[in-house]
Amino acid sequence: MKFIAHIDIMPHDALLDPQGKAVEGGLAKLNLSTLTQVRVGKHIRLQVEADNSGDAGALVDSACRHLLANTIMERFQYRLEELV
Amino acid sequence: MKIGVVVFPGSNCDEDTLFALEQLTGKRPGIIWHKDTELGSVDLVVLPGGFSYGDYLRSGAIARFSPVMGAVVRHVERGGLLLGICNGFQVLTEARLVPGVLRHNTNRRFVCRPVHIKPATTHTLLTRQLDPDRPLQIPIAHGEGNYYIDEDGYRMILDGDQILFRYCGPNGELADEWNPNGSMGHIAGVCNKERTVFGMMPHPERASDALLGMTDGAQILSSLLGLSSVEM
């Protein structure tokens with residue numbers, strides 16, 4: 001089976017996010033100052049081949065823990081979409 | 001002491017590092033290519049600054065999986081010495097060879113200028129010859145040097161006396177105004193528990209020649225190399 005994994009990686013909530021702050025400043029300059037609490041992360045999309053969604057999830061989880069995210073400063077979540 | 005300097009695609013301080021070490025020891029260190037899987041007989045490996053693998057994903061995150069890193073880890077496991085400077089420090093954190101991570105500078109800028117640091121311990125090879133009360137002037141050049149570690153980790157590196165340097169003012173003052181990147185505890189460098197792996201954001205190799213205006217970096221390198229004194 002083939003799946004597309006949609007992975008979101010975000011800085012931990014407790015950490016200051018300088019990129020988010022910069023974007024928030026940009027929004028304010030567009031008179032969009034009611035848009036606040038901006039956090040900037042990464043979105044990664046990749047294809048997984050596995051016997052079932054459980055195995056695919058385990059592979060994606062391992063990829064996130066060992067490379068795609070640095071769990072000291074980031075958290076990740078993902079969803080799998082089956083390719084038909 | 002036999003020294004090897006690793007060159008990753010995107011390293012750009014390798015030549016400066018080779019030059020500074022050659023000036024101090026009188027011998028040109030070996031160059032270790034990132035595709036090498038053996039280091040040969042070296043006592044000290046240096047991971048230089050730069051933008052290894054374009055800093056893709058996170059600084060140091062891809063370099064950590066370079067073929068050479070397996071050999072570097074075995075070198076450390078054998079008790080070999082390892083120094084990571086700037087991007088080299090980022091590689092060390094990604095490889096979990098030293099604790100913590102390096103995040104984007106809080107001021108969102110790439111900061112390239114001389115700063116002052118002072119040793120936080122003299123119980124390491126890298127800092128044993130330094131005066132803890134004398135600030136050293138040394139350049140930094142990074143966008144991601146904001147040292148972070150969670151509370152438990154911070155307590156662990158304090159208890160383990162693993163903080164090598166802190167950013168400070170010209171008279172040794174510890175204050176936010178002298179912290180160029182927002183690092184927790186003004187930390188500019190840390191070592192592993194075994195005190196054999198050293199990571200620092202400032203560039204000692206760029207402050208090792210009187211012609212360049214700063215020589216405090218040579219003192220740091222000399223301490224590591226066990227050279228008794230530096231004459232510039």
Side-chain angles (χ1 to χ4, degrees), chain A residues 3-30 32-33 35-49 56-80, chain B residues 52-66 69-70 73 87 89-111 142-157 176 179-185 187 190 192 199:
Chain A
F3 302 87
I4 298 286
H6 301 271
I7 305 163
D8 288 315
I9 296 164
M10 294 296 294
H12 285 312
D13 291 340
L15 299 183
L16 179 74
D17 174 18
Q19 273 193 91
K21 284 264 179 255
V23 172
E24 201 168 313
L27 290 171
K29 289 195 179 96
L30 285 173
L32 294 171
S33 54
L35 306 186
T36 60
Q37 308 295 316
V38 182
R39 310 284 290 173
V40 177
K42 296 186 187 96
H43 183 84
I44 297 175
R45 195 180 63 195
L46 52 82
Q47 188 173 309
V48 197
E49 200 165 339
L59 290 169
V60 173
D61 191 82
S62 174
C64 288
R65 283 181 199 288
H66 295 112
L67 174 61
L68 303 181
N70 184 328
T71 53
I72 299 175
M73 58 179 167
E74 296 166 326
R75 62 185 162 77
F76 63 87
Q77 58 183 36
Y78 60 84
R79 74 181 168 81
L80 293 171
Chain B
S52 57
Y53 297 88
D55 274 357
Y56 292 165
L57 195 63
R58 298 177 304 277
S59 303
I62 310 290
R64 174 197 161 196
F65 293 99
S66 260
M69 285 305 290
V73 168
N87 185 232
F89 184 15
Q90 293 164 339
V91 176
L92 294 183
T93 62
E94 282 289 339
R96 307 287 199 265
L97 290 169
V98 292
V101 288
L102 293 150
R103 305 181 60 237
H104 282 281
N105 297 349
T106 48
N107 60 13
R108 309 189 291 271
R109 295 197 178 95
F110 188 96
V111 182
H142 60 249
E144 289 160 52
N146 172 6
Y147 185 83
Y148 169 77
I149 190 166
D150 64 23
E151 259 179 57
D152 289 348
Y154 190 63
R155 210 167 306 123
M156 189 190 75
I157 60 171
D176 287 346
N179 183 335
N181 52 29
S183 284
M184 179 181 245
I187 290 174
V190 295
N192 65 344

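Hydrogens, waters and symmetry mates play no part in the numbers below; they use all other heavy atoms, side chains included. In the text below, chain A, chain B and the rest are named by the order of the sequence lines, each starting its count at 1. Just so it is clear, the structure is predicted and the values come from calculations on it, not from any experiment.
- By a heavy-atom distance cut of under 4.5 Å, Tyr148(B) are the residues of residues 142-153 of chain B near chain A, going up by number.
- Shown here are the salt bridge (Lys or Arg N to Asp or Glu O under 4.0 Å) partners of Asp61(A), two or more places apart in sequence or in another chain: Arg65(A).
- Phe110(B) CZ: more than 12 foreign heavy atoms inside a 6.0 Å radius.
- For a residue to count as touching a neighbouring chain, one of its non-hydrogen atoms must lie under 4.5 Å from one of that chain's; by this rule Ile44(A) touches chain B with the side chain only.
- Screening residues 92-105 of chain B for salt bridge (charged side-chain N to carboxylate O under 4.0 Å, His left out) gives Arg58(B)-Glu94(B) as the qualifying pairs, with residues at least two apart or on separate chains.
- The most heavy-atom pairs under 4.5 Å with chain B, out of Leu15(A), Asp17(A), Ile9(A), come from Leu15(A).
- Separating the OG1 atom in Thr106(B) from the NZ atom in Lys21(A) is a distance of 11.5 Å, to the nearest 0.5 Å.
- Smallest separation of non-hydrogen atoms from Gly100(B) and Ile72(A): O-CD1, 3.9 Å.
- By the side-chain hydrogen bond (donor to acceptor under 3.5 Å, both in side chains) test, Arg109(B) pairs with no residue at all, sequence neighbours left out.
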